[in-house]
Each structure stands twice: as C-alpha cells, then as structure tokens.
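We're numbering straight along the sequence, starting at 1. Only this structure's heavy atoms are used, side chains among them; waters, hydrogens and symmetry mates stay out.
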Amino acid sequence: MAAICVFCASSRTLDQRWLDLAAETGAEIARRGHTLVSGGGCVGMMGALAEGARAAGGRTIGVIPQSLVDLEVADLASDELLITDSMASRKTVMIDKSDAFLTLPGGIGTLDELFEVWTTATLALHAKPMVLVDTGGFYRPVLDWLGSLADQTFLKPAGLGLLTVTDTVPAALDALTLRLT
C-alpha cells in the first residue's frame with residue numbers, strides 16, 4: 001500500500017473535535033493498509049493522528065527536526081523516527097518518504113507544508129496526489145483566496161487543479177487511492 005503523509009496542527013490547546021478528527025484519520029489510514037508519515041510530534045493533532053494509526057494496527061513514520069526533539073515533543077513510539085537538522089530538511093524528507101499527501105486543519109505550519117508540497121508539484125518535481133480536507137468549511141477563506149489568485153493569473157488553473165478538496169477523511173482517502181492506482 002501507500003505511504004500517506006498527513007499535515008495537521010500540533011497545538012496543545014485545540015478543541016477535542018480536532019483531536020478526534022486526527023485520531024480517526026490515523027485509524028482510517030491504518031484500516032486501509034497504508035503507512036502514516038507525519039511530522040513526528042507526539043502532541044496536538046499530530047500526536048492523536050499517530051496514536052490513532054497505531055491503535056488500528058498501522059505503521060507510522062515520524063520526521064522531526066532535532067530542535068523539536070530537544071523540546072521533548074518527538075513521537076518516540078513511531079515505528080520509524082527520522083531526525084533532521086532543520087524544518088526545511090524535514091519537509092524534503094517527508095516528500096521523499098511519501099506517495100501522497102493529506103492536509104487536515106492546522107495553522108501556518110500546516111499551510112507551509114501544504115504549500116511546499118503543492119509548489120513542488122506545480123514545478124513538476126513530483127506527481128504525488130494531494131488532498132485538502134475542508135471539514136466544516138475550515139479552509140473556505142483560503143480556498144476563496146486561492147481561487148482569486150487563479151482569476152488574476154497568479155496561479156494557473158492547472159496548478160489549482162492539482163489539489164483535490166474534500167469535506168471528509170474517507171472521501172479524501174478515496175480520492176488519494178483513485179489517484180494512486
């Protein structure tokens with residue numbers, strides 16, 4: 001099966017619904033026989049995601065910079081924990097280790113990861129599928145803004161079309177599976 005990288009928040013102050021969404025995502029990835037690739041943290045949605053995958057019998061790969069290991073937020077229970085020297089190299093390793101990308105709600109770090117993967121796809125540096133889960137319209141303002149970039153030709157429609165948007169995790173995984181086959 002595939003190695004699916006999930007980008008999501010690592011904040012310790014999130015509502016339980018976001019933690020539940022992350023745990024359910026990890027479990028669904030595992031139930032479908034995929035390996036989870038994550039940012040290697042044990043807190044927030046990132047921690048819930050990895051725990052959900054392992055609870056459902058899945059394999060987890062965490063990728064984390066040494067600076068975050070030093071802050072004691074590394075997911076030491078990962079089946080494979082890769083430690084990088086920087087946030088930039090973390091993204092490179094996550095892209096290299098993954099067959100597909102799924103983005104859950106998150107903040108600027110999550111968006112940074114999504115935009116890195118998306119930008120490299122628009123430059124044809126990879127052809128790996130990417131899905132954004134827009135649960136409850138979480139990303140609607142960002143998607144509207146991105147649409148306006150395309151309208152003003154700052155973003156080519158083909159580039160915009162590289163990102164699939166769904167409103168549920170099962171639909172996101174279905175879309176990834178379709179693109180991977």
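- Between the side chain of T60 and the main chain of D79, a donor-acceptor pair closer than 3.5 Å is present.
- Atom CD of E72 has 12 or fewer heavy atoms from other residues, nucleotides or ligands within 6.0 Å.
- For the pair L143 and F138, the minimum side-chain heavy-atom distance is 4.5 Å or more.
- Between the OG1 atom in T25 and the CG atom in L173 there is a gap of 7.5 Å [rounded to 0.5 Å].
- Considering L82, D75, L76 in turn, D75 is the only one that fulfils the side chain to side chain contact (heavy atoms under 4.5 Å, CB included) rule with S78.
- At a threshold of 4.0 Å, the pair R31-E28 counts as salt-bridged, since one of the basic side-chain nitrogens sits closer than that to a carboxylate oxygen.
- Contact check for L176 versus R179: no side-chain heavy atoms found under the 4.5 Å cut-off.
- A heavy-atom distance below 4.5 Å is found between the side chains of L21 and P105.
- The main-chain N or O of D134 is never found under 3.5 Å from a side-chain atom of D167 such that the two would form a donor-acceptor pair.
- Taking the six-membered ring for Trp and thresholds of 30 and 60 degrees, F101 and F7 have nearly parallel ring planes, at less than 30 degrees apart.
- Here the side chains of E116 and I95 are in contact, with some heavy-atom distance below 4.5 Å.
- A salt bridge links R32 to D174: one of the charged nitrogens lies within less than 4.0 Å of a carboxylate oxygen.
- In this structure, the side chains of L162 and M130 come closer than 4.5 Å at one or more pairs of heavy atoms.
- Listed here is the closest heavy atom pair of A172 and L102: CB-CD1, 3.8 Å.
- A heavy-atom distance below 4.5 Å is not found between the side chains of H34 and D99.
- Distance alone, capped at 3.5 Å, places no donor-acceptor pair between the R59 side chain and the T35 backbone.
- When the shell of 6.0 Å around CG of L123 is examined, it contains more than 12 heavy atoms from other residues, nucleotides or ligands.
- S38 is not listed as a side-chain neighbour of M94, based on a closest heavy-atom distance of 4.5 Å or more.
- Side chains of V117 and H126 form a contact here, defined as non-hydrogen atoms less than 4.5 Å apart.
- The backbone N or O of G39 lies less than 3.5 Å from a partner atom in the side chain of R90, making a donor-acceptor pair.
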